[in-house]
Q: 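Quick one: structure below, then a few questions.
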Amino acid sequence: MNDLFTSSALPALIDLTRLPSLAPASVPDGDLDGWAEGAPSGTAAAQAQAQADRLLDGLNAEQKAAVLHRGGPLLIVAGAGSGKTRVLTRRIAYLLATGQARSSEILAITFTNKAAAEMRERVEALVGPRAKAMWVSTFHSACVRILRREAAHLNLKSTFSIYDTQDSQRLLQLCANELALDTKRFTPKKLAHRISNLKNELIDYETYSSQVSETNPVEAVTARVYALYQQRLAQAHALDFDDLIMQTVNLLQAFPDVAEHYRRRFRHILVDEYQDTNHAQYVLVRELTGVAADARRAGGLEPGELTVVGDADQSIYAFRGATIRNITEFETDYPNAATIFLNQNYRSTFNILRAANGVVSLIKGRKGKPLRTDNEDGPKVVGYVADNEHDEAQFIADEIDRLAKEYGIRPRDVAVFYRTNAQSRALEEVLVRVGLPYVVVGGTRFYERREIRDAVAYLRAAANLDDTVSVQRVFNVPKRGLGDRALAAAQAYAAGHGISFGAALAQVEDMPGLTARAVRAIGQYAHLLATLSEMAADGAGPAQILDFAMAESGYLAELQDSTDPQDASRVENLAELHAVASEFEQSTPDGTLADFLERVSLVADSDQLPPQAGTAEEAAAEAAAAAAAAEAGQVTLMTLHTAKGLEFPVVFVTGFEDGTFPHQRSFASEQELEEERRLAYVGLTRARQRLYLSRAEVRTTWGAPQYLPPSRFLENLPPEVMEWRREKGSSGALRPESWAGPVRTSYPGGGRRSTYHGPAAGREGGSGAQFGSATPRPAKDIPHLEVGDMITHDVYGLGTVVATEGEGLNAVARIQFREEGVKRILLRFAPVTKL
DNA sequence: CCAATTGTCCTTTTT
DNA sequence: GGACAATTGG
């Protein structure tokens, strides 16, 4: 390890005299926790160094090198399960313990707030109060803090609202209406996506407008909407998710003194999950390190220390602008950078790893080396082919039961992953039925529930009356007898007077075109908002304001008086929000309403995630794990995306069907398919001991049951690591014929179709059942198609017939699909219906 | 003029 | 099987 340390570190460019002393800044007082900032002294220094060196215990040579690296940017290419979080944590602790960095000089960026909280906890457990002033957060949270502090520079209220995707789309809908767009063609969703991409590339609307070709209608419209959207955001004193990054970059670039302040402040920047950063985030990091700014270096500011950690194989966020180039070109971007590879996997059994490597090995131009491990083979990876999603869920439930009985595995050790959130329903149904405790992470998140968003809209309005999206959201919630008419009148008035919607409401007396009833209703609403604003301005806490708003508006009463049983749980959710707000007031006494709202906007409720045990050294995490060990806990259900960075002893990855995973929408491009492949890799590598892969032959997606072929990813699993419990569903033989009468999986009135454990299942299991052997499909069932007919295909969706050939059993059609282009399809087998 | 009701699209993945 | 928009009845 010393070899690695001395050879890779200390590149020529680094001025040794400027490196901080290795000696710790303080005397260790028995244990690490006792350290306080102070002056170094002789023997104490040696002792402290010994303490610091203990941070290297249990690390392999590469990991040590990564912890010890000094001088110049460092790229750690860390394969799945190679202990990257551990290395990053130790590296920060080491910087602090040796006095190379003060905690106030550290900015560590993680992917989620949960990861940030855990990392902070672990570092604190290692070096105690020395870690106090460091920033550990996501890009977004860090940017909000900077923007709030520097709001004046940007002409922004420091209580600006933060718009999530839903809010942005609402505002875009308003903009689209205003511009009288064809919202069928330009949906808010698509517009949001386009604008988000532009922002990720740091292209502001002025630049974009000047670049677009007027003859391209999509670009021209996007430019107009983008401009209006930004104007509306500014009027609302709101920033969307992408603005948080882009505006921070703008700030740093436009105000050199501000930039310099933060560069001096954050001498050590560490970025986790670097493969998932987008261009804007890349530039932000570059601005903060000042490495690219030669001119500033001439001004006496040395470049900051930058450490990034990532794994190109786990890049799964390209859809949101992440670019692998940030990791593959790191050495070009930072010429004196060093790279350290961590390829040893400590997490998974060899069988699991071989399966994972198989899935990802096909990717073109893949640079990484396959992971290696000294771990034992472990049990084989279990495959299962279910008849349908309920059968799949039943298999999982039965298997969890069996594992509990035979190996004492607890629910908390088990995770079930799926590609899309919608897939969780079938799983939940079965888990409820068999009585297995479970928790769904993500999905319809707490903060996305309607009542929560309504309540938060009141709070936002209180903090920022100009927040038009929020003020309009609860304009008639609870019902105040205000409809489109009243809304339009107020909107017109606001536009005519150049004031915000919220401000306009106060002048309801002057508003033309309203009935007396509407005037009264708006007046009451305006009064309520004014009162809430005053409370917020007087420093009332979020819980107090929430209480008042819910009571005074009649929102709570409306829910309580309702007979809809759903509304009862809404009341409970509001109580939960109130509890969160109260807890916030207690834990952060000087936290403002804006602070609370920031947390609500940026913190996905990842608190539900089980604490990750794994690394042994972190006292706090260890204690928590030990305390929880007695509990059986809950099975964790989540999407594959959410699973990134986690690990579980037992993992089920479901839905291995072409169309589900890889998702149908990714068929269009090679890049997207590769991203799906990496997603599979991420899923498989979450497992420590046991891995299960399943698919359903028939899956019911919104209404209609669909036959789906096996996922192409399954073909790349090395057969020797697989144990197929069931290779065909009992509907398998039916497949080619099944089209005439698709399996009925809808069950009216909640009556559940029993899963197939009958003789059919037994007969098919494992034996080479002949594919459609018995009766060739009767000719009458083959749809007769002519050019121009519209059809739907179970896998490819809507299509138009562009050519036909052959007759009867051999009839073939060329069909133009929306996503897929033209396909040649043998009608005898294809799941096609004529429309 | 508003509110409940019927139709329509739909679904990736998320900070 | 759900969110949300246009539609119709009150």
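To find a chain, count down the sequence lines: A is the first, B the second, and so on, and within it residues start at 1.
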Q: Do we see A:Phe139 stacking on the base of B:dT15, given a limit of 5.5 Å between centres and 30° between planes?
A: no
Q: For nucleotides 1-8 of chain B, which of its nitrogen or oxygen atoms have a protein nitrogen or oxygen under 3.5 Å away, and what is each distance?
A:
unit_1 : atom_1 : unit_2   : atom_2 : d
B:dC1  : OP1    : A:Arg485 : NE     : 2.2
B:dC1  : OP1    : A:Arg485 : NH1    : 3.2
B:dC1  : OP1    : A:Arg485 : NH2    : 2.2
B:dC1  : OP2    : A:Arg485 : NH1    : 2.9
B:dC1  : OP2    : A:Arg485 : NH2    : 3.4
B:dC2  : OP2    : A:Arg485 : N      : 3.4

Q: Among all residues two or more places apart in sequence or in another chain, which pass the salt bridge (Lys or Arg N to Asp or Glu O under 4.0 Å) test with A:Arg712?
A: A:Asp658
Q: If each of A:Glu676 and A:Gln281 is mapped to the nucleotide of DNA chain B with the nearest heavy atom, which maps nearer the 5' terminus, i.e. the 5' end?
A: A:Glu676
Q: A:Glu672 near the nucleic acid: base, sugar-phosphate alone, or nothing, with a heavy-atom cut-off under 4.0 Å?
A: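 The residue A:Glu672 makes base contact.
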Q: Can you classify the ring geometry of A:Phe661 versus A:Phe656 as parallel (below 30°), tilted (30 to 60°) or perpendicular (above 60°)?
A: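 Rings of A:Phe661 and A:Phe656: tilted, 30 to 60°.
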Q: With sequence neighbours left out, write down each residue that passes ring-ring contact (aromatic ring centres under 6.0 Å, His included) with A:Tyr317, or none if nothing qualifies.
A: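 Partners of A:Tyr317 by the ring-ring contact (aromatic ring centres under 6.0 Å, His included) criterion, ordered by chain and then number, come out as A:Phe111, A:Phe319, A:His641.
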Q: Quick one: label A:Thr165 by what it contacts on the DNA or RNA (base, sugar-phosphate, nothing), any heavy atom closer than 4.0 Å.
A: base
Q: Can you list every pair that meets salt bridge (charged side-chain N to carboxylate O under 4.0 Å, His left out) and has a residue in residues 479-488 of chain A, with sequence neighbours left out?
A: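 Not a single pair qualifies under salt bridge (charged side-chain N to carboxylate O under 4.0 Å, His left out).
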Q: Report yes if at least one side-chain N or O of A:Lys189 is closer than 4.0 Å to OP1 or OP2 of B:dT11; otherwise report no.
A: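 It does, given that an N or O in the side chain of A:Lys189 lies less than 4.0 Å from OP1 or OP2 of B:dT11.
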Q: If the condition is side-chain contact (heavy atoms from CB on, under 4.5 Å), which residues does A:Val519 pass it with, not counting sequence neighbours?
A: A:Val508, A:Glu509, A:Leu514
Q: I'd like to check the side-chain contact (heavy atoms from CB on, under 4.5 Å) partners of A:Asn278; sequence neighbours left out, ordered by chain and number.
A: A:Asn200, A:Ala280, A:Gln281
